[in-house]
Amino acid sequence: MPTDDLGDAHDTDSETPDQSSPPAPEATRTLVFDERATAHSPAEDVLGILTGTFTASLGLYLLQSSEAVTGGTAGLALLIQYASGLPFWMLFLLINLPFAVLAVWQRGWSFTIRTVIAIAMVSGWSVVHHALFTIDDLNPIYGTLGGNLLAGVGLLILFRHRASLGGINIVALIVQDRWGFRAGWTQMIFDVIIVTAALLVVPWPNVVLSALGAVVLNLVLAMNHRPGRYIGH
């Protein structure tokens, strides 16, 4: 005797089921999209990476102007900048270089090349912001929370165009792809460590604000960067 999708046996001469009853959830069809139709074009990727790096770098610039930190390699670069006085753009490049090997090994050349370009562009945008957008007075609450929000949106754009800002972002994406643990939560674990270390460099009120800002950033990723939610790739 034939069986239905649920594995229940039916007699071929049995009564036809009521057509008005809704199908079981397991038997409903799922939407299928043509991969070629949903893929980003090269022009869309270029614009996406430009937009993502500009947005993220502007968020980091607000953090610098507020003497705040954040998580990830960007937060580590900010910490070293506050302690040493070295320029952020150079520190951000140097810190992310070792993670390029991990990106090639785990994510492939396409992702790595896009990520290296994104890292270089954030460093370049940082120089542009300092030259063209002078901030003399900035409320630290606005700067810290707003900066993390912009950085999170910028990262989200980069993730959706198969790029990142290197470092812990790469580790977070690998964990999500392999074990389904959301990138935002993985990032948050590392961020707690980095923000706590900021107590050695900046005043504790700035660290408290930085911790709140890191939560904002990672909530943006955790709520929006989910496999299957976004069709284009």
Residue pair L93, S123: steps toward the side-chain contact (heavy atoms from CB on, under 4.5 Å) verdict:
CA-CA 7 Å; L93 281 174; S123 296; 3.4 Å; yes

Let's go through N224 and R160 carefully: what are the C-alpha distance in whole Å and the side-chain angles of both, what is the deciding distance for side-chain contact (heavy atoms from CB on, under 4.5 Å) to 0.1 Å, and is it a yes or a no?
CA-CA 10 Å; N224 294 281; R160 289 180 170 177; 4.1 Å; yes

Are Q64 and H130 close enough, and set up right, to give a side-chain contact (heavy atoms from CB on, under 4.5 Å), and what steps lead you there?
CA-CA 10 Å; Q64 289 178 272; H130 277 89; 3.6 Å; yes

Could you check I80 against I95 for side-chain contact (heavy atoms from CB on, under 4.5 Å), going step by step and ending with a plain yes or no?
CA-CA 10 Å; I80 298 176; I95 290 172; 3.9 Å; yes

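Contact detail for A214 and V195: the closest heavy-atom pair is CB-CG2, 4.4 Å. When all heavy atoms are compared, the tightest approach of F88 to A74 is CE1-O, 3.8 Å. A pairwise comparison of heavy atoms in S66 and L138 identifies OG-CD2, 3.4 Å as the closest pair.
Side-chain contact check for T53 and W125: at least one donor-acceptor pair (N or O, by modelled atom type) lies under 3.5 Å. Residues S110 and R114 have side chains that bring a donor and an acceptor to within less than 3.5 angstrom of each other.
When side chains are defined from C-beta on, R162 does not count as touching I49, because their heavy atoms never get closer than 4.5 Å. When side chains are defined from C-beta on, L145 counts as touching L212, because their heavy atoms get closer than 4.5 Å. Side chains of I168 and I194 form a contact here, defined as non-hydrogen atoms less than 4.5 Å apart. In this structure, the side chains of N206 and T144 stay at 4.5 Å or more apart for every pair of heavy atoms. Within the 4.5 Å cutoff, the side chain of N96 has no heavy atoms near those of the L165 side chain. Inter-residue side-chain proximity for Q81 and L86 is flagged as unmet; no heavy-atom pair is nearer than 4.5 Å. Looking at heavy atoms from C-beta onward, F54 lies out of side-chain contact with V128 at the 4.5 angstrom threshold. Using a 4.5 Å heavy-atom threshold, the side chains of V202 and E67 count as separate.
Rounding to the nearest 0.5 Å places CD1 of I135 at 5.0 Å from CG of L62. Taken to the nearest 0.5 Å, the CZ atom of F92 stands 11.0 Å off from the CG atom of L97. To the nearest 0.5 Å, atom CG of residue L50 and atom OG1 of residue T55 are 10.5 Å apart. Interatomic distance, S210 OG to W204 CH2, rounded to the nearest 0.5 Å: 12.5 Å. Atom CG of L76 sits about 11.5 Å away from atom CD1 of I193, to the nearest 0.5 Å. Atom-to-atom distance recorded for S65:OG and N139:CG is 12.5 Å, nearest 0.5 angstrom.
Taking the six-membered ring where tryptophan is involved, the planes of F133 and Y61 are tilted, since the angle between them lies from 30° to 60°.
When the side chains of ILVMFWY residues are joined at heavy-atom separations under 4.5 Å, either directly or via intervening members, L63 and L132 end up in a single hydrophobic cluster. A single hydrophobic cluster is not seen to contain both V116 and F111; linkage of ILVMFWY side chains at heavy-atom distances under 4.5 Å, directly or through other members, places them apart. Connection of V175 to L221 is established within a shared hydrophobic cluster, with ILVMFWY side chains joined at heavy-atom distances below 4.5 Å, either directly or through further cluster members. Cluster membership for L200 and L78, using ILVMFWY side-chain heavy atoms within less than 4.5 angstrom, is shared. If you chain together hydrophobic residues whose side chains sit under 4.5 Å apart, L219 and F159 fall into the same group.
Other residues, nucleotides and ligands contribute at most 12 non-hydrogen atoms within 6.0 Å of the OH atom of Y142.
A side chain to side chain contact (heavy atoms under 4.5 Å, CB included) with L217 holds for exactly one of L155, L156, L150, L149; it is L155.
Judged by distance alone, the side chain of S57 and the main-chain N or O of V122 form no donor-acceptor pair under 3.5 Å. Side-chain N or O atoms of T112 include one that pairs as donor or acceptor with a backbone N or O of V104 at under 3.5 Å.
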